Chemist: 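Quick one: structure below, then a few questions.
Naming convention: chains lettered A, B, ... in sequence-line order (proteins, then strands); numbering from 1 in each chain. What you are looking at is a predicted structure, and each value in this text was computed from that prediction instead of being measured. Heavy-atom basis, side chains included; hydrogens, waters and symmetry copies ignored.
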Amino acid sequence: MDIETRYEGSALLAKPLEKRLDAGNAPAFKSHMVNYILEDHLHIAIDLSEIEFMDSSGLSALLSTLKTIGSRGKLVLFGVGRNVGKLFSLTRLDRGVFEIHEDKHSALQSLNKAI
Amino acid sequence: MARASLDALVMINAEGVVDFWNPAAERLFGYSEKEAIGRCLHTLLASPKDQHLALEKMPEFARTGKGPVIDTVHELQARCRDGTLVDVELSVAAFELDGKWHAVGVLRDVTEKKKTREALGDALHKAEEASRQLSMELASLSELQQSVLPALAHTSCYVSARGLFQPSGLAAGDYFDYLSSPGGGLRCIVADASGHGARAAFIMSMVRTLFHLNENRNRPLSVMVEQLNRQLLQTVGKQGDFVTLAIMDISPEADCIQYINAGHCPGFFRDEDSMTEIAATGPLLGVTDGDYPHQELACSGEWEILLYTDGFYECRVRNGDIFGYDHFRELCFSLMGRGVLDVDRLPREVAASAPGIVGFEDDLTALHVTGRPESGAKRL
């Protein structure tokens, strides 16, 4: 799975370059994210703007990332499209579980406050 | 050129006597050119089992230039000077010179190639065997999983329920169930574990265990759901696995339906006045600790509820899009509005409503519950 990464100060920006985050690529995505965390990147913003569809496996990979970071750092999401946003709202993960931001600027601001 | 060849080149006459032997043949078989030329090739190189047949066919070759190995490529074992047998690939062509037939053979050592091929064949066999065993395990799991789901529709004076379970693979993370409760009521559930296959099926078995636990039968829904949430947090909570569910207590005596929707796709409720989505009342299970209070729907007329899993609307259509929740809701509202919703036909209805549907990739589960005229419903 292709993930574009770059650094903004101490924060890692990760952008999966796929249209779907589902059972087919969620394990690879999860594995990449765990590697970043093991490399001590504990403040991560995931840009989901390329993702048009996400299923429960994709959601599970994001939750796994969130739980692996735990209280040691912070995970924020931005670039959430209509379909993916619907999944977050149906599952109520947009209410106190995932921190979802309108744009990169807002996501980074939130991360920088936590660093 | 023949002398420079990396492959062994050997030429024999119509009697099978060697009249050309290149340096590569020397290296492969250990006989020098001087030792080989003038000797019968088959006596020199053929393995004991091939020697008799080869000598037997030589008169025919001398007459016609034809024989079982002419114009073919095949593998055999040849005997070296030191008596060892070497695996070689042999290609043979015949030609006529001065009215007499000759044959030229190209021989290549394929010992390593053969070993690799045998190792690959062995690995393939082992992989096939492992796959067969895994398929058997999954089939057994699937059989068990289907056997614990309600086999018959539920019918009482007040309420009827009918489920559909169509796994995408051999084992599934979907679940539906119902249990009769005192007074003609019903407790019913539709749940979906994240992911697919055996892992999801294993997680789902935890849901079923708690749903059927005797102690839980008379407990409020919130107690059972919170208990399940804690169990999931303890067991799979760190790994990102989760369960969504919609669970309901239908109690005709109290003329109400209590329900909890833990991050599950909205159920659809129809009564004589309206059509409503039963949205999530709390987050999915296995992620955060918290309370899951129930909500209520009042019943006072004819009503029906459809609970289902997301496989119905996450199916892919031809242009790469998904069918989508909005289309699915529109379809179900239409079927319920006309009073023609048949849960067994729901996958076909979805497929028929979007001509470009490629196929269902996820498990499909649905539960259709209808209330008799004595009960009815309207939203509190």
Chemist: Does any backbone or side-chain atom of B/Asn261 lie under 4.5 Å from a heavy atom of chain A? Answer side chain, backbone, both or neither.
Modeler: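 Neither; nothing under 4.5 Å.
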Chemist: A/Glu52, A/Arg95, A/Lys67, A/Lys86: which one forms the most heavy-atom pairs within less than 4.5 Å of chain B?
Modeler: A/Lys67
Chemist: Using a 4.5 angstrom heavy-atom cutoff, name the option from B/Asp326, B/Val287, B/Thr288 with the most pairs to chain A.
Modeler: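 If we count pairs closer than 4.5 Å to chain A, B/Val287 comes out on top.
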Chemist: Which value, rounded to the nearest 0.5 Å, describes the distance between B/Glu314 atom CD and A/Met54 atom CE?
Modeler: 10.0 Å
Chemist: In terms of heavy-atom pairs under 4.5 Å with chain A, which of B/Gly282, B/Gly286, B/Cys265 leads?
Modeler: B/Gly282
Chemist: Are there over 12 heavy-atom neighbours, none belonging to B/Phe202, within less than 6.0 Å of that residue's CZ?
Modeler: no
Chemist: Quick one: CG on A/Leu59 to CG on B/Asp241, what's the gap to the nearest 0.5 Å?
Modeler: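 CG of B/Asp241 is found 11.5 Å from CG of A/Leu59.
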Chemist: Around atom NZ of A/Lys19, are there more than 12 heavy atoms of other residues, nucleotides or ligands at under 6.0 Å?
Modeler: no
Chemist: More than 12 foreign heavy atoms under 6.0 Å from NE2 of A/His41: is that the case here?
Modeler: yes
Chemist: Please give me the minimum heavy-atom distance between B/Gly195 and A/Ser57, naming the atom from each residue.
Modeler: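 Shortest heavy-atom separation between B/Gly195 and A/Ser57 comes out as CA-OG, 3.5 Å.
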Chemist: Using non-hydrogen atoms and a 4.5 Å limit, figure out which bit of A/Lys30 sits close to chain B: side chain, backbone, both or neither.
Modeler: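 Side chain only.
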Chemist: Starting at CG of B/Asp310, measure out to CG of A/Leu90 and round the result to the nearest 0.5 Å.
Modeler: 9.0 Å
Chemist: Under 4.5 Å heavy-atom distance to chain A, tell me which part of B/Leu284 shows up: side chain, backbone, both or neither.
Modeler: both
Chemist: Is atom CD of A/Glu8 surrounded by more than 12 heavy atoms (other residues, nucleotides or ligands) closer than 6.0 Å?
Modeler: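 Counting other residues, nucleotides and ligands, CD of A/Glu8 exceeds 12 neighbours.
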Chemist: Please check if atom CZ in B/Arg132 has more than 12 non-hydrogen atoms from other residues, nucleotides or ligands closer than 6.0 Å.
Modeler: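 Counting other residues, nucleotides and ligands, CZ of B/Arg132 exceeds 12 neighbours.
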Chemist: Taking CD in B/Gln146 as the centre, count heavy atoms belonging to other residues, nucleotides or ligands within less than 6.0 Å. Is the count above 12?
Modeler: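 Count over threshold, so yes.
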Chemist: So what's closer than 4.5 Å to chain B heavy atoms on A/Leu93: side chain, backbone, both or neither?
Modeler: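 Just the side chain, heavy atoms under 4.5 Å.
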Chemist: Rounded to the nearest 0.5 Å, how far does NE2 of B/His196 lie from OG of A/Ser56?
Modeler: 5.5 Å
Chemist: Say you draw a straight line from CG of A/Asp55 to CG of B/Asp362; how long is it, rounded to the nearest 0.5 Å?
Modeler: 7.0 Å
Chemist: Using 0.5 Å steps for rounding, measure from the CD atom of B/Gln239 to the OG1 atom of A/Thr68.
Modeler: 9.5 Å
